[in-house]
Amino acid sequence: MSDLSVTIGSLRLGNPLIAASGCFGYGVEYADLVALDTLGGIAVKGLFLEEREGHPPQRIVETPSGMLNAIGLQGIGVRRFVAEKLPELKQHGAIVVVNICGSTVGEYAEIARILDDADSVDAIELNISCPNISKGGMMFGCSLDGTHDVVAAVRRVTDLPVMPKLTPNVTDVASFAVAAEEAGADAVSLVNTFLATAIDVETRRPRLSNVLGGLSGPAIRPIAVRMVHECRQAIKIPIVGMGGIMTAEDVLEFMIAGATAVQVGTANFVDPLIWDKLLDGLRAYLDRHDLPGLTSVIGSLELEERTAACKSSS
Amino acid sequence: MSDLSVTIGSLRLGNPLIAASGCFGYGVEYADLVALDTLGGIAVKGLFLEEREGHPPQRIVETPSGMLNAIGLQGIGVRRFVAEKLPELKQHGAIVVVNICGSTVGEYAEIARILDDADSVDAIELNISCPNISKGGMMFGCSLDGTHDVVAAVRRVTDLPVMPKLTPNVTDVASFAVAAEEAGADAVSLVNTFLATAIDVETRRPRLSNVLGGLSGPAIRPIAVRMVHECRQAIKIPIVGMGGIMTAEDVLEFMIAGATAVQVGTANFVDPLIWDKLLDGLRAYLDRHDLPGLTSVIGSLELEERTAACKSSS
Amino acid sequence: MPTGHRRKTTRPRDATGLQVYSARMPVDVDAVVISNTQLSDFYNVVALAAPDVARQARPGQFVMVKPDQGYDPLLRRPFSVFEILRDQDGEVTGLSLLNKRIGVTTRRLYDVAPGERVQCLGPLGQAFDAPAADQQAWMVAGGVGLAPFLTLAESLVEHSLTTRLFYGGRSADDLFYLETFESLGVTLELTTDDGTRGHHGLVTGPLQRALEATSPTTSVRLYSCGPTPMMRAVTELAAAHGRSTDVSLEQVMGCGLGGCYSCVVPVTESGQPTRFVRSCLQGPVFDGGRVDWNQL
Amino acid sequence: MPTGHRRKTTRPRDATGLQVYSARMPVDVDAVVISNTQLSDFYNVVALAAPDVARQARPGQFVMVKPDQGYDPLLRRPFSVFEILRDQDGEVTGLSLLNKRIGVTTRRLYDVAPGERVQCLGPLGQAFDAPAADQQAWMVAGGVGLAPFLTLAESLVEHSLTTRLFYGGRSADDLFYLETFESLGVTLELTTDDGTRGHHGLVTGPLQRALEATSPTTSVRLYSCGPTPMMRAVTELAAAHGRSTDVSLEQVMGCGLGGCYSCVVPVTESGQPTRFVRSCLQGPVFDGGRVDWNQL
Ligand SMILES: Cc1cc2nc3c(=O)[nH]c(=O)nc-3n(C[C@H](O)[C@H](O)[C@H](O)COP(=O)(O)OP(=O)(O)OC[C@H]3O[C@@H](n4cnc5c(N)ncnc54)[C@H](O)[C@@H]3O)c2cc1C
Ligand SMILES: Cc1cc2nc3c(=O)[nH]c(=O)nc-3n(C[C@H](O)[C@H](O)[C@H](O)COP(=O)(O)OP(=O)(O)OC[C@H]3O[C@@H](n4cnc5c(N)ncnc54)[C@H](O)[C@@H]3O)c2cc1C
Ligand SMILES: Cc1cc2nc3c(=O)[nH]c(=O)nc-3n(C[C@H](O)[C@H](O)[C@H](O)COP(=O)(O)O)c2cc1C
Ligand SMILES: Cc1cc2nc3c(=O)[nH]c(=O)nc-3n(C[C@H](O)[C@H](O)[C@H](O)COP(=O)(O)O)c2cc1C
Ligand code: FES
Ligand code: FES
């Protein structure tokens with residue numbers, strides 16, 4: 001039968017579909033609606049060491065085939081997460097990827113240590129790419145040294161799979177993937193949201209209280225797929241791809257471009273029951289193409305040099 | 001009455017709407033359908049010194065609220081343009097912005113010299129940001145020195161308004177705007193398309209013959225507006241903003257963010273008769289807001305620090 | 001037939017292969033539009049064949065709706081459940097939405113044709129708290145804020161409570177379903193901005209007079225839905241008379257399920273600092289006195 | 001009433017305030033759907049009230065169509081003009097499209113309801129060249145490639161030329177408008193992939209036999225529209241018998257007006273290197289012998 005499982009370092013996922021961080025709360029919100037153990041994994045909402053208020057509303061704006069968000073990482077802090085949410089997630093059999101954020105390299109390491117101690121965490125995703133906060137986040141993700149330092153610091157304190165999440169707001173995303181790989185990352189995930197804004201022309205004010213926000217959704221998919229493709233050529237460690245996935249074909253597009261697993265964010269807002277539909281679509285694809293499992297799809301993009309005989313133009 | 005005119009350096013435009021390069025042919029194709037002198041200006045299809053074949057089909061792919069293109073700058077070369085197209089454009093009373101592209105700094109300068117000699121060109125847009133060609137184009141646009149050198153070289157050979165077109169595929173677009181300003185540019189235009197790709201999952205082949213293409217259309221608008229906003233804070237010279245403009249409100253969003261004029265590309269494919277509709281919308285806005293002219297809108301974004309009293313979170 | 005996508009694939013299935021679910025769990029239905037009644041140039045009522053949603057809905061709850069396929073518009077939009085629809089035998093057949101055209105999705109819903117389909121997820125959020133047995137119930141509605149009050153009125157009347165509706169609109173053409181409320185036994189106090197029907201002015205005018213005319217020993221519970229400034233005014237007016245008010249807030253919502261944290265409302269507990277709580281989970285109904293209106 | 005957006009704001013306007021335009025200029029019409037006739041699970045015919053487009057259209061020309069508002073799908077799609085519609089008095093009332101459901105827009109057009117609107121810009125592109133007075137006209141259609149041939153057949157018959165239609169489909173259910181063509185006096189040669197109607201096999205089978213059976217002194221002009229491999233085969237087969245073929249190519253088109261350079265076709269002149277020419281301006285009809293099929 002069709003095998004949907006994939007492996008990221010030491011972590012085996014039943015299927016490649018991970019709920020994207022910030023788009024699935026702490027997971028527990030969906031426990032009544034979705035069987036959490038049917039997901040490949042759940043990347044929970046980004047956590048700092050301490051509780052955070054986040055930005056005032058308005059926090060989201062819809063844009064053509066996308067949305068901007070400037071939530072500002074409202075969150076309960078890593079300790080309350082471990083105490084209040086993690087046990088419930090594990091009780092549901094969820095694979096838990098904890099997305100963490102710090103204002104300093106030390107804060108990342110400290111959070112990672114707490115998660116390492118918590119025992120039941122499956123992987124750590126380093127959010128070095130959040131466009132919505134003034135300190136930390138993208139500050140590290142936009143500097144090769146910053147990326148390297150955060151990954152290396154976390155690597156020192158935990159054996160859990162470590163996966164920095166790269167920002168697309170850079171000239172050469174592959175160089176950041178290389179920096180992460182060199183610092184000991186087990187995988188990279190990409191992309192986080194694109195820094196963007198929207199203005200209410202009647203009031204001439206920004207639509208988001210934070211002025212700037214992050215663009216997600218199908219609008220960005222073609223750029224995200226390109227970036228996965230570029231990183232695939234630059235690094236050996238697995239890639240977790242995301243950005244605008246709405247259908248099983250979109251999942252496959254990322255996997256063919258080189259992703260081992262994917263995350264689904266905005267689509268979950270549009271259709272919280274999307275998971276079964278995506279899994280059905282993946283199974284149908286394997287059947288249609290007579291493939292035993294999904295791993296054969298990873299990085300299977302065929303690049304064929306087509307020779308242009310045309311010499312002049314009209 | 002409502003005054004739609006705007007000024008870019010020494011160039012006065014009757015209104016801020018310029019047809020975007022590559023999206024309006026050489027302009028003459030539309031002469032039967034659109035009164036070319038009712039446009040603020042026409043940025044003609046990118047020209048190299050010599051004729052070019054461009055990429056084989058498939059050259060475009062539709063994506064959610066956007067499109068990818070990899071035309072590959074098929075074109076008739078600058079000399080044939082001056083001989084065959086420019087006279088007709090001027091006969092229609094068009095303001096002509098010639099978009100030029102080179103593989104070397106010298107080629108840019110040589111094309112600029114030819115255009116300077118042609119006498120009836122109104123401005124030169126330097127395409128240092130085309131994602132679809134292997135040599136030239138984005139090579140310059142992704143390097144601060146490259147940007148500076150191309151602008152400075154063209155500046156030396158012509159007094160025509162010179163406007164480098166910036167790529168969005170960089171970490172800090174404002175630094176490129178600054179480099180352009182320092183090198184003597186009269187204005188900057190942004191954004192060109194976002195490097196992107198799309199894969200046919202059934203064949204596992206790229207959908208574009210060139211593999212990579214440029215994403216345009218409403219999908220990218222929130223990112224483009226953010227970039228205009230950033231550049232407005234970094235430079236003094238005028239900005240020509242673009243990326244996904246479909247309505248008069250979108251034009252205004254760019255202008256409020258800091259653009260003096262705008263270019264409209266992909267929307268012209270969807271609705272070649274868009275120009276009158278946009279102009280009507282701009283006039284209606286000025287009436288509604290009791291404004292004498294459009295210039296008062298430029299850069300009028302109100303940024304108000306909203307204090308967040310929230311201290312903890314839930 | 002609309003198909004209800006049920007939660008949790010791990011739930012047991014019944015003999016028909018459909019999953020069995022317990023009561024009060026949101027379901028997502030690709031609902032057929034039964035009818036579209038345009039009430040004015042801006043308002044209409046859309047009836048949806050979504051019995052599985054309707055059966056569970058309690059007054060004040062909402063649904064997340066998407067009339068269009070494709071990614072533009074992308075997200076669903078929140079709507080109050082306006083009516084529970086029943087056939088002659090009293091069987092629940094669906095629900096209706098009172099829609100006010102203000103943007104992309106509401107324009108689409110204004111024009112939707114019978115037979116088209118609308119994705120409808122719900123019921124979601126917290127319902128209104130029922131009043132105590134000896135309380136009067138006063139509903140204060142502004143414009144489309146009427147939406148949650150028809151089902152509330154029905155449930156209040158079922159418990160035979162004294163109910164009043166203070167209802168304000170722009171003009172006489174903007175006040176709807178008056179006879180329906182009256183036939184339920186609801187006392188109406190109408191206002192219009194232009195004076196074409198009822199009192200001339202804001203809905204808070206008659207409300208203030210009613211509050212002043214009511215003995216403090218009479219227990220009154222207030223419910224309010226409408227523009228934010230109206231709900232704030234109602235809350236403050238009621239507080240000045242020692243009454244508290246349930247408000248149904250209209251925050252922008254990305255998901256309706258607690259996933260995105262877009263819908264937060266600043267809430268204060270006595271003495272505590274303001275906290276942002278998710279309106280889709282802890283609302284949309286809040287105690288008006290707990291809302292930090294300055295931050296909203 | 002559909003409103004035709006006319007070209008050029010500087011053109012003179014007539015007494016009604018509408019702009020006066022000369023013949024054969026594309027117009028953009030927000031056309032009302034008059035009817036939608038589903039022919040099979042994949043094919044339908046959509047009639048559009050676009051008289052200003054229809055009046056100007058010549059056989060082989062196309063229109064750029066957008067059924068949906070919003071930005072997803074974003075671009076228009078090209079369609080051949082299938083029929084010119086007329087009322088009892090022979091006045092042109094609109095045009096129809098023969099639509100095959102293969103993706104987003106064609107699916108939308110398959111389901112479109114009368115009364116809905118479809119943006120329709122045209123006519124565009126080069127028409128088929130008329131045959132000389134003494135020539136026979138043979139049309140070779142595969143599947144939806146039938147679309148440009150009904151108007152062509154009508155104009156051929158007007159000039160009372162001997163016309164034949166070689167028409168291939170998947171199965172008997174996939175062959176449409178046969179009686180219409182027959183009533184025009186067109187001789188039909190049908191093929192199906194599954195043999196359920198006409199010859200079993202490809203349309204090139206009967207074509208080859210017909211070419212072989214026709215004296216070289218009889219002048220025949222061929223027209224072909226269908227899948228690219230079919231048009232190539234027809235071109236090569238015809239060339240082997242000393243005949244040339246007009247082909248109507250289906251390149252992806254971004255604008256239809258020469259603005260985007262997406263639709264290029266590789267064309268060779270004898271001895272010259274291949275050039276990319278825009279199909280929307282210089283096509284969609286090309287001399288098959290000039291197309292560089294290896295590059296297409
Ligand atoms: C719990 C709840 C129940 C609701 N019940 C109803 C109901 O029964 N009937 C009804 O007609 N509406 C109801 N609304 C409001 C409804 O959700 C919005 O009108 C709708 O989302 C607008 O969508 P649109 O696509 O038409 O507008 P858009 O095109 O998305 O927006 C148009 C303009 O309105 C603004 N806007 C959009 N939504 C809101 C909002 N919630 N608050 C303030 N400004 C906004 C946008 O910023 C934009 O400027 C309810 C909202 C909530 C949260
Ligand atoms: C001049 C001309 C006349 C045409 N006349 C007709 C007609 O009369 N009736 C009719 O049904 N169709 C006609 N077509 C084809 C029609 O334009 C396409 O079927 C349509 O654009 C598909 O749109 P979609 O949104 O349904 O598909 P999409 O969702 O855009 O695409 C679905 C799939 O089909 C592929 N695809 C889309 N368009 C083409 C194409 N042109 N060639 C190859 N692959 C493609 C896409 O890559 C994708 O894989 C004509 C095309 C041209 C150029
Ligand atoms: C509302 C919202 C909140 C998000 N919060 C986080 C976050 O806390 N941490 C993080 O790494 N990414 C966050 N993201 C980014 C997503 O995880 C994902 O990278 C991005 O949305 C692209 O995927 P999508 O298009 O499928 O949504 C958030 C995205 C959205 C829309
Ligand atoms: C088909 C196509 C061809 C283009 N060719 C050029 C070009 O030759 N030179 C250039 O500077 N930009 C070119 N562009 C970029 C546009 O001028 C514009 O920067 C971009 O499309 C964003 O604007 P839009 O979203 O309004 O289309 C092209 C864009 C498209 C879609
Ligand atoms: S709407 Fe998403 S958390 Fe409330
Ligand atoms: S379709 Fe745009 S140039 Fe032909």
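Computed from heavy atoms alone, side chains included, the values below leave out hydrogens, waters and symmetry copies. By convention in this document, chain letters (A, B, ...) are assigned in the order of the sequence lines, proteins followed by strands, and residues within each chain are numbered from 1.
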message = Under a 3.5 Å distance rule, please check whether B/Tyr285 uses its side chain to pair with a backbone N or O of A/Glu202 as donor and acceptor.
response = no
task = Please flag which part of A/Val211 lies under 4.5 Å from any non-hydrogen atom of chain B: side chain, backbone, both or neither.
result = side chain
ask   = Non-hydrogen atoms of chain B under 4.5 Å away: do they reach the side chain of A/Leu68, the backbone, both or neither?
value = side chain
Select, from [options], the one with the greatest count of heavy-atom pairs under 4.5 Å involving chain B.
options                                : answer
A/Ser65, A/Ala219, A/Gly244            : A/Ser65
A/His229, A/Arg288, A/Glu249, A/Glu230 : A/Arg288
A/Ala224, A/Ala196, A/Pro206           : A/Ala196

message = Just so I know, are the side chains of B/Thr197 and A/Pro222 near enough to count as touching, which here means a heavy-atom distance under 4.5 Å?
response = no
task = Would you mind reporting whether A/Ile223 and B/Leu215 have side-chain heavy atoms less than 4.5 Å apart?
result = yes
task = Kindly determine whether A/Asn169 and B/Arg226 satisfy side chain to side chain contact (heavy atoms under 4.5 Å, CB included), including the steps that lead there.
result = CA-CA 12 Å; A/Asn169 300 296; B/Arg226 183 262 296 178; 3.7 Å; yes
message = Under a 4.0 Å threshold between the charged nitrogen and the carboxylate oxygen, would B/Glu302 count as salt-bridged to A/Arg204?
response = no
query = Under a 4.5 Å heavy-atom cut-off, does chain A meet the side chain of B/Phe254, its backbone, both or neither?
reply = neither
remark   = Taking every heavy atom of B/Thr171 against every heavy atom of A/Val170, the minimum-distance pair comes out as OG1-CA, 3.2 Å
ask   = From A/Leu301 CG over to B/Thr203 OG1, what is the distance, rounded to the nearest 0.5 angstrom?
value = 9.0 Å
Pick from B/Ser300, B/Ala257, B/Gly77, B/Gly66 with the largest number of heavy-atom pairs that fall under 4.5 Å of chain A = B/Ser300
